[in-house]
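What's counted below: heavy atoms across the whole structure, side chains too, no hydrogens, waters or symmetry copies. Within every chain, numbering begins at 1; the chains are lettered A, B, ... in the order of the sequence lines, protein sequences first and strands thereafter.
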Amino acid sequence: MVKNTFKKLADKWQAKWDKEKVFEVTEDKKKKKFYVLEMYPYPSASGLHMGHAFNYIIGDVYARHKLMQGFNVLHPMGFDSFGLPAENAAIKEKRHPKEFTEKAIKNFVEQQKQLGLTYDWTRNLKSHDPAYYKWNQYFFLKFYEKGLAYKKKAPVNWCPECDTVLANEQVHNGMCWRHKETEVTVKHLEQWFIKTTEYAEELLKKADILDWPERIKAMQKNWIGRSEGAEIIFGINGTPWKVFTTRPDTLYGATFMVVSAQHPELLSLVTDEQRAEVEKLVKKIHTTKQEDMGLLEKEGAFTGSYAEHPLTKEKIPVYAGNFVLADYGSGMVMAVPAHDQRDFEFAKKYKVHIRTVVQPGKPIKELKEAYTGEGILVNSDKFTGLESGEAKKGIVNELKKKKLGGKAVSYKLKDWLVSRQRFWGTPIPIVYCEKCGEQPVPEKELPIKLPDKAVLGKGNALQNSKEFLEVKCPKCKGKARRETDTMDTFFDSSWYYLRFVDANNSKEAFDKVNAKYWMPVDFYTGGAEHACMHLIYARFFTKALRDLGFLEVDEPFTKLFNQGMIHGKDGYVMSKSRGNVVNPTEFMEGKGTDPLRFFLVSVASPDKDLMWSDTGVEGSYKFLSRVLKHSENVKFGKTSKRIGSKLHQSIKKVTHNIEQLKYNLAVIAIRELFEAIQEEEISKEDYLAFVKLLAPFTPHLAEELWEKHGSKGFISKAKWPVHDDKKIDLKQEYLEEVNENLRRDIIDLLRLVKIKKPSEIKIIVSKKWKYGFVKKYKELIGEKRDYKHVFQGIMNSDLKKHGEEAAKMVALFFKDASRIPKQELSAEEEKENYDSYKEMLGKEFNCRVVVEEADSSNEAKAGNALPGKPAIIVK
RNA sequence: GCGGGGGUAGCAAAGCCUGGUCAAAUGCGCAGGACUUAAGAUCCUGUCCCUUAGUGGGUUCGAGGGUUCAAAUCCCUUCCCCCGCACCA
């Protein structure tokens with residue numbers, strides 16, 4: 001076989017699909033829709049890697065399967081084409097990022113097409129296209145109108161490498177998500193935010209109903225981080241300070257306060273005497289790496305201020321502390337050293353009073369560490385004696401009465417910081433007028449395009465572009481200046497799945513009716529790294545757009561699937577730096593697409609990591625070659641019962657396994673089916689059913705076989721076979737297996753006795769198979785239980801349980817439970833089977849074949865055997 | 001610390017929910033054989049240990065207990081690995 005056979009097939013069929021527009025799709029209300037989507041890629045200059053290929057193939061197999069099942073399948077692809085790498089490359093080469101991006105996309109598309117995917121390319125989108133980002137700006141304005149987009153000064157994460165601020169989600173362990181070596185610093189800047197917290201509750205609640213991997217849901221829930229408790233107001237120097245606590249029951253144990261050393265208002269609390277000490281602490285924190293913060297010993301400095309306890313009116317000292325987060329809750333905590341380990345350590349260190357207010361039943365003698373459990377209150381004025389749960393309610397009510405607090409819910413989730421001080425992103429549609437201040441750009445002026453000419457370098461190039469910068473105020477027509485911040489590219493990816501439903505609409509972001517037809521995405525695949533970024537933003541967007549009247553669905557992605565990582569043959573994750581990369585494009589150029597597709601889905605369940613194996617992929621290649629070779633010489637005829645049974649079983653398995661995303665098992669079922677049909681006669685219809693099973697995995701090969709055997713149209717659109725349970729005949733398959741064993745035994749035996757041309761083969765079938773006995777036993781124990789299993793039980797012990805007589809019979813005839821046949825055959829069935837088989841054996845061995853029942857002389861020998869393992873005598 | 005997922009034969013990977021047909025699919029590797037002048041390719045057979053033509057026996061599914069007539073599968077304890085989040089008040 002020519003080495004590049006599969007490459008040729010790929011080229012041939014990809015061209016035909018293209019020409020016939022096979023995968024273009026329209027909104028056909030008569031058909032049930034199915035929306036399959038893979039996360040759209042950043043079009044990197046280095047092109048497609050194996051992870052992309054794997055991702056797209058997983059989606060494509062599903063899409064093809066659904067297509068063949070008659071669904072109207074939307075399977076689009078686009079490019080997340082704004083972003084830093086292109087901009088940085090542009091700076092380096094002193095060119096416009098657009099050039100890089102478009103070149104990379106061109107290359108990417110070519111490589112994607114080689115994979116034989118069912119994309120409708122007419123719906124392709126690129127987020128750097130003004131026709132796309134216009135709608136980013138449009139939605140931004142809609143959010144702005146509704147108060148979901150706002151500007152505020154806040155401590156933000158700054159990546160010196162990216163030269164821009166980052167969203168909270170883009171900071172991992174204090175490092176930039178793009179630059180794992182670069183520490184993020186905190187800056188106080190005025191920035192644009194999207195109010196994701198508005199939907200925190202819904203994002204959390206609806207997570208439960210999604211058909212998503214547990215861990216992704218868990219990660220999101222954890223990220224949203226809801227906790228219930230109370231908000232309590234402490235007066236400090238006459239100013240009210242709110243703090244959040246989950247344990248209002250310990251309020252009487254609060255003996256000091258701790259404000260975050262990074263709190264923006266910290267200095268307002270510090271007295272002159274304490275200034276030096278506090279500043280020392282703050283400085284120390286600035287010089288500590290983010291990632292070491294957690295390991296740091298609890299440290300603090302007294303601010304000189306005192307807070308008034310809301311209930312006892314006691315004066316308690318306020319410290320600045322390194323262990324309090326500035327951006328959770330209010331950045332200040334009430335410290336209850338007896339019942340919180342951190343507070344405890346702090347109190348010990350700074351010798352602050354520790355007061356026990358909750359006890360676990362009996363009094364605690366000496367506190368060696370904080371008692372963090374719940375219990376009965378002590379030292380708590382009128383709440384003493386109450387159980388924690390009751391006390392929480394009571395104390396919160398008391399606070400509420402005095403207007404000093406109340407029940408509260410706190411989230412870890414923060415508003416999404418969307419402004420970026422970079423060029424290559426969607427300009428934020430706001431202008432600043434000297435007179436009128438901040439003004440939204442009127443919709444009809446959209447899109448605000450990025451300048452085609454720009455000198456990129458240090459900082460944001462938009463600030464140097466007069467053409468971009470200078471505008472008239474939309475309100476007073478006076479002199480105004482554009483916002484130069486651009487949007488986080490996650491803004492683009494938050495709604496791209498919606499654009500696909502109507503990708504070429506120039507009047508609207510998407511048509512509502514189309515969205516109603518296609519949404520939600522039924523099957524979405526991509527990497528797990530997006531759990532707390534893209535997948536939260538996209539969910540937020542869907543909800544926000546729903547409430548703005550654009551959509552009717554609550555959730556964008558019904559089913560989410562995370563593919564595993566691809567490891568090189570050395571066992572490490574495939575990466576350029578390791579040098580263990582196999583480039584999918586190069587592979588396909590050499591060996592073709594189908595072997596790659598087949599291999600990637602056959603190693604393991606697609607949600608698990610998989611290791612590349614040269615010999616493994618060679619195995620896939622060989623298998624497909626055999627299928628192709630076999631197609632040239634199929635013995636068309638009548639499908640035997642056994643093959644029919646096997647086929648229908650396989651259809652059942654493959655369908656189910658694709659549905660369950662167990663492509664590896666589907667592939668095994670296909671291989672087994674092929675083993676079975678290879679040497680056998682088969683009807684054309686049944687053969688083509690086999691080819692159809694192959695089609696989602698190896699579409700080019702399948703098309704070729706489909707064409708070769710004269711079927712019309714494309715197999716890609718042929719009807720997926722449906723199994724018929726009635727045709728699945730396990731007994732028949734069992735008989736065939738038995739016969740095959742017999743045949744092999746004969747071959748072995750002939751070899752052993754060194755007879756090449758036997759004159760007679762005698763098969764002696766034992767009469768000892770007392771099917772009558774089985775019948776009788778069934779009467780004894782009843783039909784309810786599976787008699788085979790009961791036998792096995794009896795064999796081991798417990799004879800009396802099932803009746804002595806029955807047990808004895810069993811013991812007599814079945815020495816071992818394993819001798820129960822898989823399928824119950826009647827004596828007649830068995831005999832009939834041997835008779836029919838006689839002929840075949842006779843042909844094969846070219847001699848007389850005798851099947852006879854054992855008599856007393858050879859019963860002992862034959863009786864030892866199972867049906868299918870009878871005594872054999874050769875002459 | 002919290003949360004999620006794992007540990008199965010030389011390797012990879014099914015099986016576990018719903019216990020018995022499990023010495024345990026499948027692929028790779030390995031061994032033997034057929035074909036060939038030979039190598040490769042291809043095909044067949046075997047691949048936990050002992051034994052048989054078929055068969056029988058022994059010991060296995062991280063470790064240790066338990067439930068059951070019966071455990072890779074259910075329950076408990078324990079060890080190890082991966083992956084998220086992590087001073088969240």
Side-chain angles (χ1 to χ4, degrees), chain A residues 1 172-173 213-219 221-223 225-227 229 243-247 250 258 291 293-296 298 321-325 327-336 339-343 345-346 410-412 528-529 531-532 565 571 599 602-605 607-611 613-620 622-623 625-626 629 662 664-665 667-669 671-672 730 734 741-742 744-753 786 788-799 801-802 815-823 861 864-866 868-872 874:
Chain A
M1 187 161 306
H172 298 158
N173 287 326
E214 268 323 303
R215 77 187 166 117
I216 301 291
K217 290 203 268 186
M219 277 161 82
K221 284 189 208 164
N222 187 35
W223 187 259
R226 182 184 200 273
S227 21
V243 303
F244 176 77
T245 178
T246 53
R247 293 293 303 273
T250 65
V258 187
E291 57 178 349
M293 286 295 254
L295 308 168
L296 228 55
K298 314 275 169 283
N322 65 356
F323 67 99
V324 176
L325 301 172
D327 52 9
Y328 179 73
S330 57
M332 182 187 281
V333 297
M334 66 173 207
V336 185
H339 305 294
D340 181 286
Q341 188 56 26
R342 290 156 303 180
D343 299 348
E345 284 168 32
F346 192 90
S410 180
Y411 298 94
K412 288 201 280 188
E529 67 274 16
C532 296
M565 303 257 266
F599 170 72
S602 60
V603 183
S605 176
D607 55 344
K608 298 236 171 94
D609 289 0
L610 80 84
M611 210 196 287
S613 153
D614 290 334
T615 50
V617 75
E618 191 61 31
S620 296
K622 282 179 193 170
F623 174 74
S625 301
R626 273 164 64 201
K629 204 170 160 196
K662 299 272 184 187
N664 54 328
L665 301 183
V667 162
I668 288 170
R671 289 184 101 117
E672 283 173 340
L730 293 175
Y734 173 66
N741 284 343
L742 180 61
R744 282 182 195 161
D745 287 345
I746 293 169
I747 294 169
D748 281 347
L749 194 60
L750 289 172
R751 189 164 51 83
L752 267 153
V753 297
D786 181 347
K788 281 183 254 169
H789 294 172
V790 178
F791 284 157
Q792 291 176 10
I794 294 166
M795 293 329 302
N796 292 311
S797 65
D798 210 27
L799 297 179
K801 208 165 173 178
H802 297 281
K815 280 197 202 147
D816 186 337
S818 69
R819 309 176 90 220
I820 311 288
K822 282 185 190 171
Q823 295 294 324
K861 200 171 181 186
N864 247 348
L866 285 165
K869 294 287 179 195
I872 302 161
V874 290

*Asks:* Distance between the C1' atoms of B/U78 and B/C30, in whole angstroms?
*Replies:*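 Here B/U78 and B/C30 have their C1' atoms 36 Å from each other.
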
*Asks:* What nucleic acid atoms does A/Val324 come within less than 4.0 Å of, heavy atoms only: base, sugar-phosphate, or nothing?
*Replies:*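 It contacts base atoms.
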
*Asks:* According to the interplanar angle, ranging from 0 to 90°, do the rings of A/Phe346 and A/Phe323 count as parallel (below 30°), tilted (30 to 60°) or perpendicular (above 60°)?
*Replies:*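 Ring orientation, 0 to 90° scale: tilted.
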
*Asks:* Has the side chain of A/Lys412 got a donor or acceptor that lies under 3.5 Å from a partner of the other kind on the base of B/C85?
*Replies:*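 Such a pair does not exist between side chain and base.
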
*Asks:* Return whichever of A/Met611 or A/Gly619 has its heavy-atom-nearest nucleotide of RNA chain B closer to the 5' end.
*Replies:*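 First, find each residue's nearest nucleotide; the 5'-ward one identifies A/Met611.
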
*Asks:* Rounded to whole angstrom units, what separation is found between the CD atom of A/Glu529 and the P atom of B/C83?
*Replies:*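 Taking atom P of B/C83 as the reference, CD of A/Glu529 is at 14 Å.
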
*Asks:* Could you state the CZ-P distance from A/Phe623 to B/C28, rounded to the nearest angstrom?
*Replies:*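 Checked: the CZ to P distance equals 11 Å.
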
*Asks:* Does a nitrogen or oxygen in the side chain of A/Tyr411 sit under 4.0 Å from OP1 or OP2 of B/C88?
*Replies:*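 It does not, given that no N or O in the side chain of A/Tyr411 lies less than 4.0 Å from OP1 or OP2 of B/C88.
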
*Asks:* In this structure, how many angstroms lie between the C1' atom of B/A86 and the CZ atom of A/Arg342, rounded?
*Replies:*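 Rounding to the nearest Å, CZ of A/Arg342 and C1' of B/A86 are 11 Å apart.
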
*Asks:* Look at the side chain of A/Asp609 and the backbone N and O of A/Met565, then say whether any donor-acceptor pair between them is shorter than 3.5 Å.
*Replies:*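 Pair found, side chain donor or acceptor close to backbone of A/Met565.
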
*Asks:* Does A/Ser602 place a side-chain N or O at less than 4.0 Å from the phosphate oxygens OP1/OP2 of B/U26?
*Replies:*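 Indeed not, no polar side-chain atom of A/Ser602 lies that close.
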
*Asks:* Measure from the side-chain heavy atoms of A/Val603 and tell me the nearest of B/A12, B/U42, B/A89.
*Replies:*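 Between B/A12, B/U42, B/A89, the one nearest the side chain of A/Val603 would be B/A12.
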
*Asks:* Between P on B/A13 and CZ on A/Phe599, what's the gap in Å once rounded to a whole number?
*Replies:*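 After rounding, the reported distance stands at 11 Å.
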
*Asks:* With RNA chain B as reference, determine whether A/Asp607 or A/Phe323 sits nearer its 5' end, using the nearest nucleotide of each.
*Replies:*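 By nearest-heavy-atom nucleotide position, the 5'-most residue is A/Asp607.
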
*Asks:* A/Arg215 has a side chain; which of B/C83, B/A25, B/G29 sits nearest to it?
*Replies:*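 Given the options B/C83, B/A25, B/G29, the side chain of A/Arg215 is closest to B/C83.
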
*Asks:* May I ask you to evaluate whether A/Lys608 reaches the phosphate of B/A14, defined as a side-chain N or O under 4.0 Å from OP1 or OP2?
*Replies:*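 So the side chain of A/Lys608 is within the cut-off, an N or O lying under 4.0 Å from OP1 or OP2 of B/A14.
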
*Asks:* Send over the distance from A/Leu610 CG to B/A13 P, rounded to a whole Å.
*Replies:*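 About 9 Å, once rounded to whole Å.
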
*Asks:* Of the candidate nucleotides B/C88, B/G3, B/G27, which contains the atom at the shortest distance from the side chain of A/Ala218?
*Replies:*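 Selected nucleotide: B/G3.
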
*Asks:* Select base, sugar-phosphate, or nothing to describe what A/Ser605 touches, counting heavy atoms under 4.0 Å on all strands.
*Replies:*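 Since only primed, P, OP1 and OP2 atoms lie under 4.0 Å of A/Ser605, the category is sugar-phosphate.
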
*Asks:* Using atom types as modelled and distance alone, determine if a side-chain donor or acceptor of A/Asp343 lies under 3.5 Å from a backbone N or O of A/Val336.
*Replies:*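 Here the side-chain-to-backbone pair exists.
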
*Asks:* Taking only the side-chain heavy atoms of A/Trp223 (C-beta and beyond), determine which of B/A86, B/A13, B/G29 contains the nearest atom.
*Replies:*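 That would be B/A86.
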
*Asks:* Which residue, A/Thr250, A/Asp340, A/Val258, forms the side chain to side chain contact (heavy atoms under 4.5 Å, CB included) with A/Met334?
*Replies:*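 By the side chain to side chain contact (heavy atoms under 4.5 Å, CB included) criterion, A/Met334 pairs with just one of A/Thr250, A/Asp340, A/Val258: A/Thr250.
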
*Asks:* Return the pairing partner of B/U37 with a 3.5 Å limit on both distances, Watson-Crick or G-U wobble; otherwise return none.
*Replies:*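 Partner of B/U37: none found under 3.5 Å.
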
*Asks:* Taking only the side-chain nitrogens and oxygens of A/Arg626, find out if one of them lies under 4.0 Å from OP1 or OP2 of B/C43.
*Replies:*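 Result: yes.
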
*Asks:* For the pair made of CD in A/Glu214 and C1' in B/G84, what is the distance, rounded to whole Å?
*Replies:*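 Rounded to the whole Å, the gap is 14 Å.
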
*Asks:* What is the separation between atom CD on A/Glu345 and atom P on B/C87, rounded to the nearest whole Å?
*Replies:*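 Answer to the nearest Å: 14 Å.
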
*Asks:* Without decimals, in angstroms, what is the distance between A/Glu618 CD and B/A12 C1'?
*Replies:*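 Distance check: A/Glu618 CD to B/A12 C1' gives 17 Å.
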
*Asks:* Using purine N1 to pyrimidine N3 plus N6-O4 or O6-N4 for Watson-Crick, or N1-O2 and O6-N3 for G-U wobble, each under 3.5 Å, what pairs with B/G54?
*Replies:*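 Base partner found: none.
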
*Asks:* Answer yes or no: does a side-chain N or O of A/Lys622 lie under 4.0 Å from OP1 or OP2 of B/A41?
*Replies:*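 Result: no.
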
*Asks:* Paired with B/C30 by Watson-Crick or G-U wobble geometry, both distances under 3.5 Å: which nucleotide is it?
*Replies:*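 Because both required distances fall under 3.5 Å, B/C30 counts as paired with B/G46.
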
